[in-house]
Amino acid sequence: MGDVQKKIENEVVQLKGTQKEYQKAISTRQQLDAQLNENQVVKDELNLLSEDRKIYKAIGPALIKMEIIEAKQNVAKRIDYINKEIKRFDEIILNLEKKQDGHRETLHKLQQDKMKTSLKA
Amino acid sequence: MSQIPLEPNAQQIDLTTLSLPQLTQLKQQLDQELSLFQESLQSLKLAQNKFQSSGECLEKVTPESQGKSILVPLTGSMYVPGQLADTKHVIIDIGTGYYAEQDIEGAKNYFKRKIAFVTEQMEKIQVIGLEKSKVRDTVAEVMELKMQAQTAQS
């Protein structure tokens with residue numbers, strides 16, 4: 001009886017931990033989405049500009065002059081990176097979902113066990 | 001336990017088949033979504049205002065103001081005198097730390113484009129929000145009915 005109770009508590013703790021991780025992964029994923037959107041907007045904007053336009057990149061409080069081609073390349077690289085990160089997090093989220101379901105299932109089983117034993121007693 | 005509500009693809013759920021706690025949860029979720037929409041609308045409005053005032057500022061930058069003296073803010077409370085050297089170009093923040101030099105016409109177009117984009121997003125959100133609030137009202141109605149039925153039984 002106490003054994004089952006302990007197992008249940010342990011399972012609950014683990015489930016809560018997984019849920020926290022899950023929430024964190026979700027919010028990171030949302031941030032990545034926002035970043036991707038912003039970069040996409042910048043890319044579109046750069047594409048609208050002619051080649052001889054001056055581009056500046058803010059590094060800290062200073063604006064550094066840059067070639068538009070370089071800026072385009074940088075943004076493209078950034079988008080690539082973010083896309084990879086998004087894929088990575090999608091996988092992490094999927095795994096955490098599975099983990100949560102697993103915890104829920106064992107928890108459910110343990111609770112049923114507990115019910116049975118308490119009925120017998 | 002916070003279960004993820006049952007609706008991702010199953011659009012058609014007969015609300016009357018749900019139990020009261022389920023309905024409450026559904027309503028809570030809808031309320032949350034609605035307030036998120038409200039928030040988004042507000043920040044979009046803010047962005048829209050910023051673009052609008054930036055666009056209006058451009059009206060003041062004309063070739064006639066070339067060489068006129070201005071006060072340049074170094075901090076919020078300290079200014080140094082300066083002169084407008086170039087009234088044909090401005091530098092715009094296009095996001096993620098990139099700034100692009102634009103002529104006045106281009107800058108005006110930029111802001112017009114941005115305002116149109118933001119307005120479009122706002123309209124989209126408003127439509128979704130309206131639909132959601134309709135669903136929420138229906139859920140509230142069904143809840144009301146269920147509660148009445150329960151009190152009638154007891």
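Below, chains carry the letters A, B, ... as their sequence lines are ordered, and counting in each starts from 1.
Other residues, nucleotides and ligands place more than 12 heavy atoms under 6.0 Å from the NE2 atom of H89(B). Under a cut-off of 6.0 angstrom, the local environment of NZ in K146(B) is crowded, with over 12 non-hydrogen atoms contributed by other residues, nucleotides or ligands. Around atom CD of Q126(B), more than 12 heavy atoms belonging to other residues, nucleotides or ligands sit under 6.0 Å away. Other residues, nucleotides and ligands contribute at most 12 non-hydrogen atoms within 6.0 Å of the CE atom of M115(A). Within 6.0 Å of NZ in K43(A) there are 12 or fewer heavy atoms belonging to other residues, nucleotides or ligands.
Taking the side chain as every heavy atom from C-beta outward, I55(A) and Y99(B) never approach each other to under 4.5 Å.
For the options N74(A), L48(A), L46(A), V42(A), heavy-atom pairs under 4.5 Å to chain B are most numerous at V42(A).
Residues of residues 56-73 of chain A that come closer than 4.5 Å to chain B, counting heavy atoms only, are Y56(A), K57(A), A58(A), L63(A), M66(A), A71(A), ordered by residue number. Within residues 54-75 of chain B, no residue has any heavy atom closer than 4.5 Å to a heavy atom of chain A.
Both V142(B) and L20(B) belong to a common hydrophobic cluster when Ile, Leu, Val, Met, Phe, Trp and Tyr are linked at side-chain heavy-atom distances under 4.5 angstrom. V41(A) and I125(B) fall into different hydrophobic clusters, where Ile, Leu, Val, Met, Phe, Trp and Tyr side chains are chained together by heavy-atom contacts under 4.5 Å. In the hydrophobic cluster analysis, where Ile, Leu, Val, Met, Phe, Trp and Tyr join through side-chain heavy atoms closer than 4.5 angstrom, I104(B) is grouped apart from L84(B). Residue L32(A) is grouped with residue Y81(A) when hydrophobic side chains (ILVMFWY) are merged at heavy-atom distances under 4.5 angstrom, including chains of intermediate members. Grouping the Ile, Leu, Val, Met, Phe, Trp and Tyr side chains by contacts below 4.5 angstrom, directly or via other members, places F51(B) apart from L46(B).
Closest approach of E45(A) to I94(B), counting heavy atoms only: CG-CG2, 3.5 Å.
Only the side chain of I91(B) comes within contact range of chain A, with heavy atoms under 4.5 Å apart. For chain A, no part of F117(B) is nearby; none of its heavy atoms comes within less than 4.5 Å.
Atom CG of L49(A) sits about 13.0 Å away from atom OH of Y98(B), to the nearest 0.5 Å.
The existence of a salt bridge linking D103(B) and R53(A) is confirmed by a sub-4.0 Å separation between a basic side-chain nitrogen and an acidic carboxylate oxygen.
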